[in-house]
Amino acid sequence: MVVYAKLVTGLAFAFGWALATLTPLLETKAEDDVALCKKMELDFIVLEGDATSKAIEDDIVSDLKKVGITVNTRLLNKTLFNEAMVDGDFNMAFSETWGAPYDPHAYAASWATPDEAYYAALKGLPPPFTQEVLKQKVTEALRKESEVEREDAWTEILTAMHKQATELPISSKRIPAVINKRLTGYTPGHQQFDYPVHTLRVLSGPRSITVAPGAQSGLFSNATGVGRLDAHTYRPNEFFANNWVYDGLVEYGRGGAIIPSLAASWTIMDSPGGGQNYTFNLRKNVTFHDGADWNCTVAKLNFDHVLIPPLRTGDWHGWYGLPEAIEGWNCTDDYTFVVTTKDNYYPFLQELSFIRPLRMMSPNMFVGGLESDPLTQNSCHKGSTLNETDGSPKPIEHDGMTLMCAGIADPDGISGTGRWKYDKTIKDGEGKVQKVHFTVNLDHWDAPSTSSQYVNELVLVTYPTHEAVKAALLDNSLDAVIGAGVLTEKDVAVFKREHADNFAVPLTEPMQNRIVVLNTAKAPTNELQTRKVIIHAVDKDTIIKKELAGLAAPAESLFPKDAPYSGAHLTPRPDYDYEKARLLNCPEPW
Ligand SMILES: *[C@@H]1O[C@H](CO)[C@@H](O)[C@H](O)[C@H]1NC(C)=O
């Protein structure tokens with residue numbers, strides 16, 4: 001009954017008719033109209049436990065019903081979901097473009113790797129832009145020298161995808177923060193896990209503040225806390241914490257601009273080998289949190305460990321292009337670091353801004369210190385080269401090299417050059433993380449002025465539920481939520497609407513697009529016409545208002561428009577257009 005009511009409202013809405021007077025007529029009409037449509041059944045896979053996806057799925061199902069399409073949704077656990085994705089056993093699957101700074105090329109790389117929905121879904125693309133050709137076009141785009149050529153290359157790729165209606169764009173995600181008004185000045189970050197808490201100033205109360213950060217899994221976990229907090233490895237490290245503690249050579253700024261960090265400036269020159277030389281002038285007078293000096297020897301040490309050939313492979317750092325693109329690196333003096341690429345590779349600086357694995361650790365964190373051997377004492381996580389059962393060594397063999405991970409010298413000796421120094425983790429009697437403390441690094445080149453009311457300590461707090469976070473904000477025991485998935489979208493909207501006197505709700509620019517991938521290789525979405533019907537039948541504005549509390553913006557393309565080289569306006573727009581959807585799937589006059 002509820003569904004039926006929605007159907008009627010939908011029709012009335014579409015034609016701007018007054019619902020009250022026409023309802024009896026429409027009820028019969030609506031049934032007839034669906035009868036005119038070409039009947040289709042679609043298989044929609046949704047990850048279990050993802051409440052937002054489920055809520056959106058409901059609306060998509062009822063919108064598609066109005067044009068004669070029956071959707072069979074399968075709620076799958078992570079393992080089954082991944083299996084279905086890899087096997088291409090779906091017509092529709094949710095996906096999210098990877099947050100800045102990855103777009104668009106790193107996400108595009110996933111089109112060619114089997115564990116992402118697009119890999120199976122693009123198999124049905126007809127010539128001339130088959131999946132194989134698209135892959136080739138992406139590789140070529142990354143070699144383009146000028147901005148104009150890159151823009152053109154990406155526009156060609158995105159146009160080809162657009163023409164084939166490969167996805168239904170839904171919404172653009174903005175990363176929220178909810179901040180008690182005893183604090184001011186927060187400037188949202190430019191990448192998904194960049195939380196620039198150093199921009200906060202304290203108007204009243206303690207200079208130590210409590211924060212519930214958005215972690216990889218949403219709520220900040222009491223099982224893993226911020227992870228090992230070593231710079232060169234992955235989970236359970238939390239991006240945001242590594243980003244606070246460790247700097248890289250460059251940073252990702254507004255609009256995708258690459259800005260100086262441990263490199264104060266750089267020049268780019270063609271190299272005789274056909275690639276390019278990036279000459280980095282390293283920042284002087286920088287010390288690590290433990291007092292060690294930053295200079296070219298330390299930059300080289302970090303590169304030597306992360307980019308040793310056995311770790312450049314797919315199992316390790318081969319998920320992004322930089323390790324393969326680099327030919328070599330060396331110091332020409334104490335503060336000049338030269339990196340040579342094999343070919344032109346324009347995402348090089350953008351990829352150097354990534355939070356892992358190429359951020360700079362203090363030499364004291366390496367087993368063996370400055371003299372550490374990248375093969376026998378590598379900074380990779382120690383457990384990675386040990387047999388899980390008996391703990392015996394299980395080295396990585398690659399091209400005649402034998403590599404052993406040694407991890408970091410001292411788990412308490414975490415030391416980068418970043419804006420925040422790791423202090424301590426407080427656990428309860430059962431070993432669950434309660435709080436993690438960081439203190440401000442006033443020696444950072446971008447440190448807050450000591451005369452300002454800067455924040456001197458961050459205390460990260462774990463909470464069991466979204467409701468507990470909300471309650472803590474409201475009773476003033478929690479100063480700030482920063483990041484996605486800590487509060488529900490609806491609650492963020494409640495703070496914005498009803499608690500504006502006591503809380504500020506800054507949002508980032510749109511950073512990631514939520515899309516529904518349409519499988520071009522499985523009937524009935526193998527038909528271009530079907531994919532177009534789906535795209536025009538879904539009323540995303542209404543869905544966003546209802547399910548995303550209006551905090552997201554409607555998406556009209558695969559990537560957010562301000563992602564690098566993704567700004568082309570492609571027509572026809574993949575918008576809600578009920579009449580068009582009807583015309584395509586229910587063609588007889590009515
Ligand atoms: C470079 O830094 C290392 C480690 O902090 C230090 O031991 C070395 O003396 C420094 N080199 C120069 C030339 O300052």
Side-chain angles (χ1 to χ4, degrees), residues 95-119 121-122 125 129-162 166-167 169 172-173 190-194 239 248-253 255-258 268 275-276 278 307 312 314 317-326 339 341-358 509-513 515 517 555 557-568 570:
S95 182
E96 207 169 65
T97 62
W98 298 346
Y102 298 101
D103 293 334
H105 70 277
Y107 186 72
S110 80
W111 303 344
T113 53
D115 51 353
E116 301 287 335
Y118 270 112
Y119 178 71
L122 295 178
L125 287 182
F129 277 101
T130 59
Q131 185 170 33
E132 212 32 58
V133 171
L134 266 185
K135 186 179 168 185
Q136 187 56 36
K137 293 278 180 191
V138 171
T139 309
E140 286 167 14
L142 304 187
R143 304 236 165 103
K144 300 292 184 201
E145 280 182 47
S146 75
E147 291 287 320
V148 174
E149 285 175 298
R150 293 172 199 166
E151 187 84 43
D152 286 350
W154 276 108
T155 300
E156 186 188 15
I157 293 163
L158 296 174
T159 304
M161 302 272 285
H162 175 73
T166 48
E167 65 282 314
S172 252
K173 186 162 161 184
H190 304 296
Q191 44 166 305
Q192 189 183 0
F193 289 106
D194 173 17
F239 288 89
L249 292 175
V250 296
E251 246 181 72
Y252 192 81
I258 302 298
I268 308 170
Q276 291 177 309
Y278 288 77
L307 294 178
R312 293 194 198 185
H317 311 314
W319 62 273
Y320 73 133
L322 177 142
E324 258 317 299
I326 287 188
V339 183
T341 61
K342 290 176 193 158
D343 295 298
N344 284 341
Y345 183 68
Y346 84 73
F348 177 68
L349 289 174
Q350 190 182 333
E351 293 191 346
L352 268 187
S353 76
F354 289 6
I355 292 173
R356 78 271 189 284
L358 256 181
E509 294 296 307
M511 279 199 182
Q512 291 173 275
N513 278 0
I515 54 198
V517 176
S557 47
L558 169 53
F559 293 111
K561 291 280 183 214
D562 55 358
Y565 314 118
S566 306
L570 304 173

Distance only, no hydrogens: is a donor on one side chain within 3.5 Å (strictly under) of an acceptor on the other, for Ser95 and Tyr107?
-> yes
Mind checking the CZ-CD1 spacing from Phe193 to Ile355? Nearest 0.5 Å is all I need.
-> 8.0 Å
Carefully, step by step, assess Met161 and Glu167 under the rule side-chain contact (heavy atoms from CB on, under 4.5 Å).
-> CA-CA 8 Å; Met161 302 272 285; Glu167 65 282 314; 4.1 Å; yes
Considering all heavy atoms, the nearest Ser566-Leu158 contact | CA-CD1, 3.9 Å
Is Leu322 close to Thr341 at the side-chain level, that is, under 4.5 Å between some pair of heavy atoms?
-> no
May I ask you to test the Thr166-Leu558 pair for a side-chain heavy-atom distance under 4.5 Å?
-> no
Is a side-chain N or O of Lys561 found less than 3.5 angstrom from the main chain of Ala568, in a donor-acceptor match?
-> yes
Assess the side chains of Gln136 and Glu140: does a donor N or O sit below 3.5 Å from an acceptor N or O?
-> yes
What residues form a ring-ring contact (aromatic ring centres under 6.0 Å, His included) with Tyr320, not counting sequence neighbours?
-> Phe354
Side-chain heavy atoms of His317 within contact of Arg312, under 4.5 Å = no
Minimum heavy-atom distance Trp98-Ala106, with the two atoms named = CZ3-O, 3.2 Å
Does CD belonging to Glu132 count more than 12 external heavy atoms closer than 6.0 Å?
-> no
Start with the C-alpha gap between Trp154 and Val138, add the side-chain angles, then the distance that decides, and say whether side-chain contact (heavy atoms from CB on, under 4.5 Å) holds.
-> CA-CA 8 Å; Trp154 276 108; Val138 171; 4.1 Å; yes
Is there a donor in the side chain of Ser353 and an acceptor in the side chain of Gln350, or the other way round, less than 3.5 Å apart?
-> no
Glu147/Arg150 ion pair, N-O < 4.0 Å = yes
Steps toward salt bridge (charged side-chain N to carboxylate O under 4.0 Å, His left out) verdict (Lys144, Glu151) | CA-CA 9 Å; Lys144 300 292 184 201; Glu151 187 84 43; over 6 Å; no
Indicate whether the side chain of Thr97 and that of Asn513 have a donor and an acceptor atom separated by less than 3.5 Å.
-> no
Check the pair Tyr346 / Leu142 against side-chain contact (heavy atoms from CB on, under 4.5 Å), numbers first and verdict last.
-> CA-CA 6 Å; Tyr346 84 73; Leu142 304 187; 3.9 Å; yes
State, to 0.1 Å, how close Ile515 and Pro169 come at their nearest heavy-atom pair, and which atoms those are.
-> CG2-CA, 3.8 Å
For residues Ala160 and Phe129, report the shortest heavy-atom separation together with the two atoms involved.
-> CB-CG, 3.5 Å
For His190 and Glu251, what are the C-alpha separation, side-chain angles and deciding distance, and is it a side-chain contact (heavy atoms from CB on, under 4.5 Å)?
-> CA-CA 10 Å; His190 304 296; Glu251 246 181 72; over 6 Å; no
Nearest-0.5 Å distance that lies between atom CE in Met511 and atom CG in Asp194 | 7.0 Å
Identify the heavy atoms of Ala153 and Ala141 that sit nearest to each other, and give their distance.
-> CB-CB, 3.7 Å
Reported CD1-to-CG distance for the pair Ile268 and Leu349, which is rounded to 0.5 angstrom = 5.0 Å
Pair Glu351-His105, side-chain hydrogen bond (donor to acceptor under 3.5 Å, both in side chains): steps then yes or no | CA-CA 10 Å; Glu351 293 191 346; His105 70 277; 2.8 Å; yes
Would you give the length of the straight line joining atom CG of Asp152 to atom OG of Ser146, rounded to the nearest 0.5 angstrom?
-> 7.5 Å
Which atoms form the tightest heavy-atom contact between Pro101 and Gln191, and what is the distance?
-> CD-OE1, 3.3 Å
Side-chain heavy-atom pair Phe239, Arg356 within 4.5 angstrom cut-off = yes
Tyr278 and Tyr345 aromatic centres sub-6.0 Å = no
Is the closest basic N to carboxylate O distance between Glu156 and Lys137 below 4.0 Å?
-> yes
Supply the atom-to-atom distance Leu570 CG to Thr159 OG1, rounded to the nearest 0.5 angstrom.
-> 4.5 Å
